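Please read the structure below before turning to the comments.
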Amino acid sequence: MQPTDIHNPNYFHKVVDCQWACPAHTPVPEYIRLIAQERYTEAYMINWESNVFPGILGRTCDRPCEPACRRVRTEEKPVAICRLKRVAADHKGDIAPYLPKVPKKKNGKRIALLGAGPASLAVARDLLPLGYTIDMFDRDPGGGGMMRSQIPAFRLPKDVLEEEVDLIVNMGVNTHYNYEISSMKEMLDRGYDAYFVGTGAPRGRDLDLPGRVEVSKHISIGIDWLSSVAFGHTTSISGKVIVMGGGNTAMDCCRTSNRLGAESVTVVVRSGFDVMKASDWEKEDAMAEGIPILNNRPPKEFVHENGRLKGVVFGRVKPEEVDGRLKYLPTGEPDVFIEADHILMAIGQENHCPWIERDLGIEFDKWDCPIIDEDSLQSTHEKVFFGGDSAFGPENIIWASAHAHKAAISIHLFCQGKDPKQDRPPEGVNLISQKMGLHEWSYDAEHDPSQRHIVPHADLKRSLDNIKVEVELGFDEDLGFKEAQRCLNCDVQTVFTEKLCIECDACVDICPLDCITFTPNAPENDLRKVLTAPAENSEQDLYVSDILPTNRVMVKDEDLCLHCGLCAERCPTNAWDMQKSIIHIPQLSSYAE
Amino acid sequence: MTFVPKPSARHPLLKTNEIGLTRRDYEAIVSTLCAGCGHDSVSAAVIQACHELSIPPHQFAKVSGIGCSSKTPSYFLGNAHGFNSVHGRMPSIATGAYIANKDLKYIGISGDGDSASIGLGQFAHIIRRRVNMCYIVDNNGTYGLTKGQFSATNDRGSTSKRGVPNLYAPIDLVSLAIQLGASFVARSFSGDKQQLIPLIKAAVLHKGFAFIDVISPCVMFNNHDGSTKSYTHVRNHTEPVVDANLIMPRDEITVEYEEGTTTSVPMHDGSKLQLRKLSDSYEPNNRVSALTYVQKAQEEGEIVTGLLFLEEDAVDCHDILGTLDTPFNELDEENLCPGTERLEQINDSLR
């Protein structure tokens with residue numbers, strides 16, 4: 001293998017599994033260390049810079065970071081990263097001194113943000129400090145988009161939502177709420193310098209089955225129903241409720257029904273339990289509230305009598321792998337009938353933009369999705385940029401933040417007459433030694449073997465009685481500290497310097513996870529087999545040194561490294577050093593300084 | 001000195017041996033020796049060897065004297081028996097322990113000061129008595145604990161860290177051991193575990209006195225350019241003559257060697273010790289020629305390594321004394337002590 005280029009920003013970035021997995025590349029270990037030091041405000045600001053909505057995401061994020069957490073591989077359960085983010089948000093102090101300054105004098109460029117959801121808000125936050133004039137349009141009476149209309153208050157209290165939305169709006173966004181955007185042409189005619197489309201995926205999918213038309217008044221589209229609950233138009237639901245669908249919207253629908261007076265609630269899912277789109281913890285929370293989830297039951301027919309819904313007939317299938325693909329085959333058992341008075345349909349959403357005229361130069365593909373450059377998020381119309389769910393379909397809020405940072409850079413480059421694709425700033429990496437003394441490191445190197453701590457919940461009866469009672473109580477400072485100590489500090493990297501190494505084997509002997517080997521060089525696949533412990537996880541890189549005096553190379557399997565620093569502790573010549581990698585993900589804020 | 005304890009987390013694919021233990025089960029506390037000390041590599045080799053032998057840790061007894069090397073039994077086989085004796089007196093303790101309980105596997109760890117200076121007399125006599133044990137000397141040619149004076153194994157002309165040459169000729173423990181009748185004599189290097197681990201395994205299984213001289217650099221006081229026991233010097237002046245490989249009954253033989261170069265020696269537990277000659281003129285079964293070869297090489301400044309001498313079917317001190325098969329510590333008082341009447345008879349027979 002070639003020696004590893006550790007100055008390639010991606011190399012050590014990949015080692016920080018959580019940060020690499022986070023669409024917004026939030027420097028997770030850095031803020032977790034700050035939480036352990038009770039520096040909540042700074043921890044919050046690190047989050048705010050990367051993902052814009054730490055308090056909201058600390059409750060609602062889909063947590064792509066957690067399955068990626070190295071602790072899943074070394075022990076079992078990941079660090080509760082998402083809930084630690086909430087700890088920072090819950091315990092932070094005054095953040096005002098840390099916020100970017102918005103210049104009084106505008107730079108003369110006007111940007112229109114269509115939709116007031118997370119993507120648009122994040123674009124506004126990035127652009128405002130550079131003097132842009134921001135006009136934001138939305139059909140709802142307030143900002144926040146789906147965070148306001150679709151996430152129930154028992155998961156995301158209104159004050160948490162409004163604090164983070166208002167923070168951005170109050171930076172100087174000109175809001176145009178209750179504004180139904182009906183024509184892109186009309187928008188383009190207004191002559192803005194650039195447009196950002198962040199209108200989300202607002203159309204819930206429907207199911208055309210026998211009886212659908214006859215019982216239409218007993219069927220609601222999940223996201224529309226949740227939105228009507230959020231805005232107070234719907235305050236109750238009666239009788240037996242069936243929620244169809246297996247995603248997080250389905251979980252929100254069933255738990256909301258449970259709180260609004262439904263006699264019984266049943267979730268029926270076409271697919272198997274394990275492949276449901278809903279996050280595991282959402283499923284667990286629904287089941288903890290006594291809601292049954294029935295799997296492998298595709299709906300066949302809505303049964304009605306005299307215009308009244310009686311129930312739904314479901315088939316029975318079982319998942320089977322056919323030619324490497326999962327297929328659902330009928331089991332041959334008789335169909336099941338489930339009684340229902342109301343049905344909530346939560347089977348998916350579409351980023352449908354009927355209000356964009358198709359002759360404006362904004363092209364759409366065969367699935368009716370806009371054609372967008374993945375790096376710049378620019379559409380085929382040079383002034384129009386997309387982000388959030390409206391760009392590539394329904395995703396989590398964290399993706400909206402990630403898109404927004406990219407789009408903001410693109411819009412800025414475009415407004416400066418530069419190329420949004422070619423002129424993008426590069427990523428970078430800084431490595432800083434953490435050695436403080438002979439056996440002292442600036443981070444808590446000692447490995448904490450404790451298990452993941454469980455977030456306390458509100459009393460079940462109390463939370464079922466009131467839809468505004470938040471179910472999860474969050475970690476207090478003490479539990480937050482304990483959970484923070486589980487973080488392995490994967491951003492404190494093991495950096496190897498060939499010319500200092502005397503090949504004494506001290507690092508090989510001490511490494512608790514057998515990550516280090518000195519061996520003759522070979523192609524990667526061969527090397528993976530001859531290491532001290534087999535390196536079977538090919539998604540994780542091998543760190544390979546240059547040739548050493550004994551004609552061998554040092555090979556370190558990054559997969560299971562605990563970043564405990566023992567290799568550096570036991571190294572007599574400092575050939576190993578623990579260095580913090582700071583990954584520079586370009587953001588517009590760096591232009592403002 | 002490391003203050004961070006070694007995390008208990010272990011690699012999920014760590015191999016278990018025949019009795020279901022991983023290598024980590026043969027470890028002990030983290031070493032307090034200087035970072036990079038060769039002795040730590042020897043400890044790691046002992047851990048690996050004992051794990052591969054599938055002998056439970058509590059069936060070992062670790063014995064040592066005084067010195068950096070003699071501290072190391074604290075850092076391996078945490079669940080074994082152990083005795084850290086007076087300086088240079090480990091052989092007496094080992095002899096006593098072995099007489100009392102011959103069922104344990106004995107691993108003695110000593111240093112060049114402990115065995116070649118203060119304990120040279122004891123070293124000579126434990127070999128002569130043929131105590132069944134694996135006796136390892138972590139040989140760094142220097143007194144590390146007292147900040148780097150030349151030890152008795154330091155080569156003439158080799159310099160101290162400050163550049164002063166050593167005026168005296170060294171004691172070569174390998175030559176002594178061959179000459180005094182050890183039935184298994186080897187030399188290795190702490191930086192070459194591939195060679196060292198099979199040697200330790202074979203030495204533990206060997207019935208009789210097995211001696212391994214391990215050159216183990218002192219990174220603090222004897223790892224400089226003028227030293228003949230530095231990592232660099234040893235790597236550049238090593239001549240392996242006989243490669244030893246222990247083949248356990250369950251092991252697959254994966255490497256086929258050219259005919260005539262290897263011999264296979266059966267061990268007591270059913271495993272086989274495969275010897276492969278790397279030098280045509282070397283005779284590992286001939287005490288005189290092995291001694292000559294080792295000493296000639298030493299004169300030329302070369303370090304001969306590998307399994308240097310092996311006496312097959314050796315006897316140990318219990319054979320010589322004709323003791324019972326049952327270890328003494330398992331005998332009750334009646335059998336252990338013949339009684340006044342029997343003592344009188346013996347005394348009478350001598351009058």
Side-chain angles (χ1 to χ4, degrees), chain A residues 70-76 437-441 444-449 488 500-515 517-519 531-537 548-552 557 559-576 578, chain B residues 1-15 22-24 26-27 29-48 72 75-76 140 189-194 196-197 216-221 223-225 227 230-236 238:
Chain A
R70 171 162 284 112
R71 237 174 141 114
V72 175
R73 307 196 294 276
T74 61
E75 272 124 304
E76 192 179 355
L438 203 52
H439 297 284
E440 232 180 309
W441 303 98
D444 205 343
E446 195 169 326
H447 177 72
D448 180 352
L488 297 176
L500 294 177
C501 180
I502 57 169
E503 300 178 63
C504 69
D505 275 1
C507 51
V508 178
D509 296 337
I510 196 71
C511 179
L513 271 297
D514 299 310
C515 302
T517 311
F518 288 80
T519 179
L531 302 185
T532 313
E536 293 183 351
N537 183 358
L548 293 161
T550 57
N551 270 327
R552 298 181 297 174
D557 180 12
D559 186 22
L560 297 173
C561 172
L562 296 178
H563 298 255
C564 62
L566 278 173
C567 49
E569 281 263 341
R570 299 302 297 163
C571 180
T573 60
N574 287 345
W576 284 108
M578 301 308 289
Chain B
M1 178 90 192
T2 297
F3 300 98
V4 182
K6 186 164 175 172
S8 56
R10 54 180 64 175
H11 198 288
L13 298 176
L14 208 56
K15 277 190 205 129
T22 69
R23 194 184 72 240
R24 298 292 300 276
Y26 288 78
E27 288 181 350
I29 58 166
V30 169
S31 168
T32 56
L33 298 175
C34 309
C37 181
H39 300 1
D40 285 336
S41 287
V42 181
S43 298
V46 172
I47 289 169
Q48 182 72 30
T72 65
Y75 316 136
F76 59 80
N140 59 16
F189 170 44
S190 70
D192 185 0
K193 286 208 197 66
Q194 265 182 318
L196 180 55
I197 291 170
S216 168
C218 172
V219 279
M220 281 294 151
F221 299 109
N223 193 37
H224 44 269
D225 286 348
S227 162
S230 67
Y231 280 104
T232 317
H233 183 92
V234 177
R235 283 205 175 98
N236 292 339
T238 299

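Keep in mind the model is a prediction, meaning the values are calculated, not measured.
At a cut-off of 3.5 Å, with distance as the only test, a side-chain donor of B/Ser41 or A/Asp509 sits close to an acceptor on the other residue. Looking only at atom types and distance, the side chain of B/Arg24 has no donor-acceptor partner in the side chain of B/Thr22 under 3.5 Å away.
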Note to self: Evaluate A/Arg570 against B/Ser31 for side chain to side chain contact (heavy atoms under 4.5 Å, CB included), listing each step before the verdict.
What the structure shows: CA-CA 9 Å; A/Arg570 299 302 297 163; B/Ser31 168; 3.5 Å; yes
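Proximity to chain B is limited to the side chain of A/Leu566, based on heavy atoms less than 4.5 angstrom apart. Only the side chain of B/Lys193 comes within contact range of chain A, with at least one heavy atom under 4.5 Å from a heavy atom of that chain. If you measure heavy-atom distances from B/Pro217 to chain A, you find no contacts under 4.5 Å at all. In this structure, the portion of A/Leu560 lying under 4.5 Å from any heavy atom of chain B is its side chain and not its backbone. For A/Thr573, no part lies under 4.5 angstrom from a heavy atom of chain B. Contact of A/Leu513 with chain B is made through backbone and side chain together, with heavy-atom distances under 4.5 Å. In this structure, chain A has a heavy atom under 4.5 Å from the side chain of B/Asn223, while its backbone stays farther away. If you measure heavy-atom distances from B/Ile47 to chain A, you find no contacts under 4.5 Å at all.
The two residues A/Phe518 and A/Cys501 come nearest to each other via the heavy atoms CE2-SG, 3.9 Å. A/Glu569 approaches A/Trp441 most closely through the heavy-atom pair OE2-NE1, 3.0 Å. Annotation for A/His447 and A/Glu75: closest pair NE2-OE2, 3.4 Å, computed over non-hydrogen atoms.
When each of B/Gly36, B/Ser230, B/Cys37 is checked for heavy-atom pairs under 4.5 Å with chain A, B/Gly36 comes out on top. The choice from A/Cys515, A/Pro512, A/Pro449, A/Cys571 that makes the most heavy-atom pairs within less than 4.5 Å of chain B is A/Pro512.
Atom CD1 of A/Ile510 sits about 10.0 Å away from atom SG of A/Cys567, to the nearest 0.5 Å.
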